[in-house]
Amino acid sequence: MNLNTYYEIISDIQGELFTEGDFSKDYLGKSITYYGYLKCTNSKPSKSALINLWRQLKQDTYKCDEYGKQSKVDWIAEDYEQHKHKLEGLCSTLLQDIMYDTPTEMQQH
């Protein structure tokens with residue numbers, strides 16, 4: 001899976017105020033321009049950035065699970081459950097990429 005896919009899925013979950021800078025800083029653990037740099041230069045993310053991404057995805061998965069259990073409104077709980085499953089899929093794919101050193105590539109839009 002390429003890094004753009006991760007960004008798009010996370011952005012969809014986080015909402016329209018989520019930016020590439022947020023992704024760089026909060027998910028990749030780098031400067032706010034890191035993701036933009038990777039896109040412009042068609043570079044691969046560092047291993048540390050991928051590990052940071054995995055760690056944040058795991059944390060988000062846990063939060064979705066907790067918020068879903070605490071929600072008293074069924075449709076909100078279902079939204080959190082759907083987000084949790086998306087995030088679990090991303091975590092699984094990313095962990096395999098990290099473990100087997102499969103390159104997580106950038107794709108130009």
Side-chain angles (χ1 to χ4, degrees):
M1 189 178 298
N2 70 63
L3 200 58
N4 292 326
T5 303
Y6 287 95
Y7 171 73
E8 290 169 8
I9 292 171
I10 294 167
S11 180
D12 183 51
I13 291 170
Q14 292 290 338
E16 57 191 53
L17 297 179
F18 186 74
T19 66
E20 290 183 359
D22 295 330
F23 182 66
S24 294
K25 185 172 54 89
D26 299 337
Y27 284 82
L28 301 177
K30 302 294 182 180
S31 72
I32 62 171
T33 58
Y34 183 74
Y35 178 58
Y37 166 79
L38 293 176
K39 284 180 22 175
C40 287
T41 60
N42 203 26
S43 299
K44 295 177 185 172
S46 68
K47 187 76 92 171
S48 67
L50 295 178
I51 292 169
N52 289 335
L53 175 58
W54 179 81
R55 186 179 304 130
Q56 187 60 47
L57 289 171
K58 289 298 282 184
Q59 187 174 8
D60 286 359
T61 300
Y62 175 76
K63 286 178 185 177
C64 283
D65 187 48
E66 288 301 308
Y67 295 156
K69 288 177 183 175
Q70 294 172 4
S71 177
K72 306 232 185 289
V73 180
D74 288 342
W75 68 268
I76 293 174
E78 289 172 11
D79 277 353
Y80 279 122
E81 187 67 23
Q82 288 176 356
H83 294 328
K84 182 182 104 172
H85 285 300
K86 285 181 188 178
L87 293 167
E88 287 172 337
L90 292 178
C91 283
S92 176
T93 301
L94 183 57
L95 184 58
Q96 288 179 353
D97 288 349
I98 293 168
M99 287 176 45
Y100 298 112
D101 205 29
T102 305
T104 302
E105 307 207 0
M106 296 296 302
Q107 279 186 343
Q108 299 297 329
H109 289 291

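Note that this is a predicted model, so its numbers are computed, not measured.
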Completion exercise
Correct closest heavy-atom pair for Gly68 and Ala77 would be O-CB, 3.6 Å

Fill in the blank from the handout: dist Thr61:OG1 -> His85:NE2 (nearest 0.5 Å) comes out at 10.5 Å

Practice task
Nearest 0.5 Å please: distance from the CG atom of Leu53 over to the NZ atom of Lys58.
Solution key: 12.5 Å

Exercise for the section: Assess whether atom CD of Glu16 is packed by more than 12 heavy atoms of other residues, nucleotides or ligands within 6.0 Å. Expected result: no

Exercise for the section: Please name the pair of heavy atoms, one in Glu20 and one in Gly36, separated by the smallest distance, quoted to 0.1 Å. Expected result: OE1-CA, 4.4 Å

Practice task
Supply the atom-to-atom distance Lys63 NZ to Glu66 CD, rounded to the nearest 0.5 angstrom.
Solution key: 11.5 Å

Handout entry: Distance (rounded to the nearest 0.5 Å) between Asn52 CG and Ser46 OG
Key = 7.5 Å

Completion exercise
Here the gap from Gln14 atom CD to Phe23 atom CZ, rounded to the nearest 0.5 Å, amounts to 11.0 Å

Practice task
Under 4.5 Å between side-chain heavy atoms, chaining through other members, with only Ile, Leu, Val, Met, Phe, Trp and Tyr counted: pull out the rest of the cluster around Tyr67, sorted by chain and number.
Solution key: Val73, Trp75, Ile76, Tyr80

Handout entry: Co-membership, hydrophobic cluster, residues Ile32 and Ile10, 4.5 Å side-chain
Key = no

Completion exercise
Value for OH (Tyr6) from OG (Ser11), rounded to nearest 0.5 Å, stands at 16.0 Å

Handout entry: Minimum side-chain heavy-atom gap Tyr7-Leu3 below 4.5 Å
Key = no

Practice task
Verify the cluster assignment for Tyr62 and Leu57: are they in a single hydrophobic cluster under the rule of side-chain heavy atoms below 4.5 Å apart?
Solution key: no

Exercise for the section: Consider only side-chain N and O atoms of Tyr27 and Asp22, and report whether a donor and an acceptor are under 3.5 Å apart. Expected result: no

Problem - Thr33: side chain to side chain contact (heavy atoms under 4.5 Å, CB included) partners, not counting sequence neighbours - result: Ser31

Exercise for the section: Would you kindly confirm whether Ile51 and Leu95 end up in one hydrophobic cluster when ILVMFWY residues are joined by side chain heavy atoms under 4.5 Å apart? Expected result: yes

Practice task
Give a yes or no on whether a salt bridge exists between Lys84 and Glu81, defined as a side-chain N under 4.0 angstrom from a carboxylate O.
Solution key: yes

Exercise for the section: Verify side chain to side chain contact (heavy atoms under 4.5 Å, CB included) between Ile13 and Phe18, making sure each step is shown before the conclusion. Expected result: CA-CA 9 Å; Ile13 291 170; Phe18 186 74; over 6 Å; no

Practice task
Check the side chains of Asp60 and Gln56 for a donor-acceptor pair under 3.5 angstrom, ignoring hydrogens and angles.
Solution key: yes

Exercise for the section: Indicate, with yes or no, if Ile9 and Leu17 share a hydrophobic cluster defined by side-chain heavy-atom contacts under 4.5 Å among Ile, Leu, Val, Met, Phe, Trp and Tyr. Expected result: no

